[in-house]
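The structure appears below as structure tokens.
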Protein chains: 2
Amino acid sequence: MKVLSKVSEYGLRALLYMVAKRGGQEYVSIREMSERLDISFHFLTKILQMLTQANLLISYRGPNGGVAFKKPPEEIRLSEVVLILEGDDYFDKCLLGLPGCGDRQPCPMHQFWKEIKGSLKKEFDHTSLAEMGQIAVSRHLRLVP
Amino acid sequence: MKVLSKVSEYGLRALLYMVAKRGGQEYVSIREMSERLDISFHFLTKILQMLTQANLLISYRGPNGGVAFKKPPEEIRLSEVVLILEGDDYFDKCLLGLPGCGDRQPCPMHQFWKEIKGSLKKEFDHTSLAEMGQIAVSRHLRLVP
DNA sequence: CGGAATTAAGAGTATTTTATCTTAAATTAG
DNA sequence: CTAATTTAAGATAAAATACTCTTAATTCCG
Ligand code: SF4
Ligand code: SF4
């Protein structure tokens, strides 16, 4: 049950790294993150570019450049990140992959599926990057030595 | 938010077709299903072979052959099908795709994620193919003319 | 028996996702 | 200004997933 693509996984891990590193208000080098998190530099660059173009981050080139949060990570919701990286229809998919999921004459899964999607969305809407960034990082991303 | 691969989607749609067609106790031709459901014949064949090898279906070759349920669809749980087609670790994945999801020192998503996975599993364990097969088919799979 | 219908199995192809390489543009430090 | 550093962007490559083709095996029916 995988709900996020590599793009989102890597993007989130990088964002969490930034949170863990002095709140991400300073520019953090993409190179550094790619090395510490063991993610392909160019791939990560592209992912963070998406977030930059979506106005979630700002970037700066040249020595000591990198990316930084445009607003504090306390105010960035997980859902915001996921919608950017996975597409706007992320929370609006049919369980069986059929087009045109309607509420009229739904199959028995429909209501339940809608609820599952709803609670995921609710939780994603609820959770800020700041919140996420506490333990995850030190625990799983081999950060903070 | 896509939780099932095409393999599962197609597999389930075929199983639901079988349920809708006289309970799936008779052999149903794979060719017929592939045409009615607009799924590649050979691809569907392979998917149903997986289910046959997993002892969920039995198959019969030759004229009037096809596949049939080995036990009544009332007794087949959605989770059973999904575990066969997606792999046994289906309900045991980390949200961020990190290996070794443990309960000790989890990130703030862990508990929530565990609950989401839990309710999906519970619902999948709960739902039989027979239950699913009512409206879905006529409504979405352009069956029942 | 012999031919037609049908699933089984494996090889081969195409598409999508994931990852890398190359070059360009911006910025800074000296 | 120049050289080093760093992100931006696009082309290319590798891997995974999705799909197709070919051949074989089984069964039915005349
Ligand atoms: S009713 Fe069921 S099959 Fe139809 S679109 Fe909704 S979830 Fe999918
Ligand atoms: S604690 Fe969070 S990041 Fe770590 S394995 Fe569990 S869900 Fe994944």
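Since the model is a prediction, treat every value here as computed from it, not as a measurement.
Looking at heavy atoms from C-beta onward, Leu51(B) lies out of side-chain contact with Val67(B) at the 4.5 angstrom threshold. The closest side-chain heavy-atom distance from Glu74(B) to Leu129(B) is not below 4.5 Å.
In the set dT7(C), dC19(D), dT5(D), the nucleotide with an atom closest to the side chain of Ser59(B) is dT7(C). The nucleotide whose nearest atom lies closest to any side-chain atom of Lys6(A) is, among dA5(C), dT7(D), dT18(C), dT18(C). When distances run from any side-chain atom of Val7(B) to the nucleotides dA18(D), dT27(C), dT7(C), the shortest one goes to dA18(D).
Between the OH atom of Tyr27(A) and the C1' atom of dT5(D) there is a distance of 15 Å, rounded to whole Å. Here dT7(D) presents its C1' atom at 15 Å from CD of Glu35(A), a figure rounded to the nearest Å. For the pair Glu9(A) CD and dT18(C) C1', the interatomic distance rounds to 12 Å; values are reported in whole Å. Remark: C1' of dT15(C) and CZ of Phe43(B) are 12 Å apart, rounded to the nearest angstrom. Straight-line distance from the CG atom of Asp38(B) to the P atom of dC19(D): 11 Å, rounded to whole Å. Distance Met33(A) CE to dT7(D) C1': 11 Å, rounded to the nearest Å. In this structure, CG of Leu44(A) is placed 15 Å from P of dT6(D), rounded to the nearest angstrom. Going from atom CZ of Arg61(A) over to atom P of dT6(D) covers 14 Å, rounded to whole Å.
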Gln49(B)/Gln53(B) under side-chain hydrogen bond (donor to acceptor under 3.5 Å, both in side chains): CA gap, chis, key distance, verdict | CA-CA 6 Å; Gln49(B) 270 172 35; Gln53(B) 283 159 4; 4.6 Å; no
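Residue Ser40(A) has a polar side-chain atom (N or O) positioned under 4.0 Å from OP1 or OP2 of dT20(C). In terms of phosphate contacts, Tyr60(B) brings a side-chain nitrogen or oxygen within less than 4.0 Å of OP1 or OP2 of dC28(D).
Comparing Ile39(A) and Gly62(A) by the nucleotide of DNA chain C whose heavy atom lies nearest to each, the residue mapping closer to the 5' end is Ile39(A). In terms of position on DNA chain D, the residue among Asn64(B) and Tyr10(B) whose nearest nucleotide sits closer to the 5' end is Tyr10(B).
Under the 3.5 Å distance criterion, the side-chain polar atoms of Trp113(A) are left unmatched by any main-chain donor or acceptor of Leu96(A). Here the side chain of Glu131(B) pairs a donor or acceptor atom with the backbone of Ser128(B) at under 3.5 angstrom.
Closest heavy-atom contact between Leu4(B) and Glu9(B): O-OE2, 3.5 Å.
The base of dT20(D) sits within donor-acceptor range of the side chain of Lys46(B), with an N or O pair under 3.5 Å. Judged by atom type and distance alone, His42(A) does not reach the base of dT7(D) through any side-chain donor-acceptor pair under 3.5 Å.
Under the 6.0 Å distance and 45° angle rule, Lys117(B) does not count as a cation-pi partner of Phe91(B).
DNA chain C lies under 4.0 Å from no heavy atom of any residue of residues 48-58 of chain A.
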